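Everything below concerns the one structure shown next.
We number each residue from 1, following the sequence as shown. Just so we're clear, the structure is a prediction, and the values are computed from it rather than from any experiment.
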Amino acid sequence: MSLPTVATCDPERPENASAIRRGGEPVRRISVLGATGSIGTSTLDIVGRSGGQFQVVALTANTNAEQLAELAKRHRAEIAVVADPDQYQVLATALAGTGIEAAAGADALDAAASMPADCVVAAIVGAAGLRPTFAAVRQGRRVALANKECLVSAGQAFMSEVERCGSELLPVDSEHSAAFQTLLAAAPETIDAITLTASGGPFRTYSKEQLENVTRAEALAHPTWSMGAKISIDSATMMNKGLELIEAWHLFPVTPEQLKVLVHPQSIVHCLVSYCDGSVLAQMASPDMRTPISLALAWPGRMPTPTKRLYLAEIATLTFEAADEDRFPALRLAREAMARGGAAPAILNAANEVAVAAFLENRIGFVDIVKTVALCCESAEKEGLMTKCDTLSEVLGVDAAARCLAAAIITH
Ligand code: NDP
């Protein structure tokens, strides 16, 4: 494993050569997959404030055609794509007369991800992001990766494809962006440990008994970050931190044992890297995804963001505590899947997506989410699903099978 390929602006690349130039700076062509979501809209907020540094190529969404059309018009995109074909007419009508192309369906999504661009922001939620993100990687693009599922479910296949296609992978997840920055300080063999911080979510101090009765609204109310529904629930169960461990394992040159989790309720320190000489380097910023997104867009430079500046004297106290795997067993399940490798992380992820969706639809309780994932992993073992998973099509096959198992567990 190695550090992600560091992105550079290569003037020989055809998309750069054709870029419009303002004041000598190339305008960067950017596509945003999952443009209507939390990461997508934060990305477009940065694009809108950048004073014309970016030219928007493709914007995509799942079903939210009206919001997508608004964003496409505001940012003068070349094409807008909805994954859901039933929303095509709404999108096409909203974009009529604007010169912006409208398209729909899975193939159109892959085609949009493959369009010439300097950077593709992969911000679709869940395994639905795999195919289009792989499509962007196959074009050798810079990929600003928010869709952690590419690394959780298909880590080996994804990293092989990144290397084979000469893609430039930059992490957007705040902890991984922080690790990426702090790891630049020294040689990989001098790393002792990478510690991802976790806010602990809304139920950090709850007992096991209290966790039995929490509601959907309480689980969605994250104390420090504003995020989409799925990742908010994952933060509440701490599955998000488990998924991030697997993500970090694929991105950085460390073993699973070198990856640690530390609960830090203020979400100011995002990651700590410990070196063999006893030094610990940390990255800090206010909890606002526009900071890591902007780094991925501007790398190897930086660009201004309106993120609240850190006044540590005002914050005064930063606290840290050990993660409790007894109350939050998702962390243990993720570690087990990481140790098992092969199809195990894809099964964990698929089961979790199905269980979180069921919780959001009030079909199961909060603690049933992780119970469902554990049962699904056991059941997958018995069904012989824990095989190797080296290609995208193998991953998609395992993902589909695990979803059926999880759905059956929820129904019974
Ligand atoms: P949101 O739920 O806010 O947005 C998801 C986006 O993906 C929307 O544009 C949605 O479209 C689109 N989408 C959903 N399902 C599909 C599908 N089946 N096919 C195509 N597009 C689809 O998610 P977030 O922005 O919170 O998260 C996006 C990714 O970034 C996740 O992988 C998450 O783990 C990761 N991430 C998010 C962080 C955050 O702060 N939000 C932090 C770090 C990582 P539509 O609006 O039409 O439903």
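Between the side chain of Ser177 and the main chain of Ser174, no donor-acceptor pair closer than 3.5 Å is present. Not a single donor-acceptor pair under 3.5 Å links the side chain of Ser167 to the backbone N or O of Val162. For Arg309 (side chain) and Thr307 (main-chain N/O), a donor-acceptor pair under 3.5 Å exists by modelled atom type. At least one donor-acceptor pair under 3.5 Å links the side chain of Arg141 to the backbone N or O of Ser114. Judged by distance alone, the side chain of Asp84 and the main-chain N or O of Gly105 form no donor-acceptor pair under 3.5 Å. Remark: the backbone N or O of Thr255 is paired with a side-chain donor or acceptor of Gln258 at under 3.5 angstrom. A donor-acceptor pair is defined here as one N or O able to donate and one able to accept, closer than 3.5 Å; such a pair exists between the side chain of Arg142 and the backbone of Trp299. Using modelled atom types, one side-chain atom of Thr60 and one backbone atom of Gly34 make a donor-acceptor pair closer than 3.5 Å.
The shortest distance between side-chain heavy atoms of Ser42 and Arg290 falls below 4.5 Å. Side-chain contact between His270 and Gln181: absent, with no pair of heavy atoms (C-beta onward) separated by less than 4.5 Å. Here the side chains of Arg76 and Val56 are not in contact, with every heavy-atom distance at 4.5 Å or above. Side chains of Pro265 and Glu321 form a contact here, defined as non-hydrogen atoms less than 4.5 Å apart. In this structure the side chain of Leu196 reaches within 4.5 angstrom of the side chain of His176, judged on heavy atoms. Using a 4.5 Å heavy-atom cutoff, the side chains of Leu151 and Met159 are in contact. With contacts defined as side-chain heavy-atom distances shorter than 4.5 Å, the pair Leu109/Arg131 does not qualify. Within the 4.5 Å cutoff, no side-chain heavy atoms of Thr133 are placed close to those of Ile124.
In this structure, Glu66 places its CD atom where only 12 or fewer heavy-atom neighbours from other residues, nucleotides or ligands lie under 6.0 Å away. Annotation: Lys308, atom NZ; neighbour count of heavy atoms from other residues, nucleotides and ligands within 6.0 Å does not exceed 12.
When all heavy atoms of Ser153 and Ala346 are compared, the pair lying nearest together is O-CB, 3.6 Å. Across all their heavy atoms, Asn64 and Ala61 have their closest contact at O-CB, 4.3 Å. The shortest non-hydrogen separation linking Met338 to Pro256 is CE-CB, 3.9 Å. Heavy-atom minimum distance, Ala179 versus Ile194: CB-CG2, 4.4 Å. Closest non-hydrogen pair, Cys377 versus Met386, comes out as O-CE, 3.6 Å. Nearest heavy atom pair, residue Leu295 against residue Arg302, reads CD1-NH1, 3.4 Å.
Ring geometry for Phe359 versus Phe366: interplanar angle over 60°, hence perpendicular rather than tilted (30 to 60°). Aromatic ring orientation, Phe158 versus Phe134: perpendicular (interplanar angle above 60°, classes split at 30° and 60°).
With rounding to the nearest 0.5 Å, the separation of CG in Leu68 from NZ in Lys73 is 10.5 Å. Taken to the nearest 0.5 Å, the CD atom of Glu175 stands 10.0 Å off from the CG atom of Leu245. The CG atom of Leu310 lies 5.0 Å from the CD1 atom of Ile268; values are rounded to the nearest 0.5 Å. Considering CG of Asn352 and CD of Glu149, their distance stands at 9.0 Å, rounded to 0.5 Å. We find the CG-CD distance between Asp390 and Gln156 to be 5.0 Å, quoted to the nearest 0.5 Å. To the nearest 0.5 Å, atoms CD1 (Ile315) and CE (Met284) are separated by 8.5 Å.
Each of Lys241, Lys230, His222 was compared with Ser235 under the side-chain contact (heavy atoms from CB on, under 4.5 Å) criterion, and only His222 meets it.
At a threshold of 4.0 Å, the pair Arg29-Glu78 counts as salt-bridged, since one of the basic side-chain nitrogens sits closer than that to a carboxylate oxygen. Salt-bridge formation is not detected for the pair Lys208/Glu212: no Lys NZ or Arg NE/NH1/NH2 atom is positioned less than 4.0 Å from an Asp or Glu carboxylate oxygen.
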Stepwise, does the side chain to side chain contact (heavy atoms under 4.5 Å, CB included) test hold for Thr43 with Met289? CA-CA 9 Å; Thr43 303; Met289 287 307 294; over 6 Å; no
What verdict does the side chain to side chain contact (heavy atoms under 4.5 Å, CB included) test give for Val263 and Met238, after you've listed the backbone C-alpha separation in whole Å, the side-chain angles of each residue and the deciding distance to 0.1 Å? CA-CA 10 Å; Val263 174; Met238 290 199 73; 4.2 Å; yes
Run Lys148 and Asn240 through side-chain hydrogen bond (donor to acceptor under 3.5 Å, both in side chains) and show every step you take. CA-CA 10 Å; Lys148 64 191 78 183; Asn240 183 49; 2.5 Å; yes
Where do Phe54 and His75 land on the side chain to side chain contact (heavy atoms under 4.5 Å, CB included) test, with the steps shown first? CA-CA 9 Å; Phe54 297 94; His75 295 281; over 6 Å; no
Residues Thr305, Ile293; criterion side chain to side chain contact (heavy atoms under 4.5 Å, CB included); working and verdict: CA-CA 10 Å; Thr305 72; Ile293 295 169; over 6 Å; no
All N/O donor-acceptor pairs, side-chain side in residues 405-412, below 3.5 Å, sequence neighbours left out:
from: Thr411; atom 1: OG1; to: Ala407; atom 2: O; distance (Å): 2.6
from: His412; atom 1: ND1; to: Ala408; atom 2: O; distance (Å): 2.9

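For Arg327, the side-chain hydrogen bond (donor to acceptor under 3.5 Å, both in side chains) partners two or more places apart in sequence, or in a different chain, are Asp324.
Screening residues 370-381 for side-chain hydrogen bond (donor to acceptor under 3.5 Å, both in side chains) gives Arg340-Glu381 as the qualifying pairs, with residues at least two apart or on separate chains.
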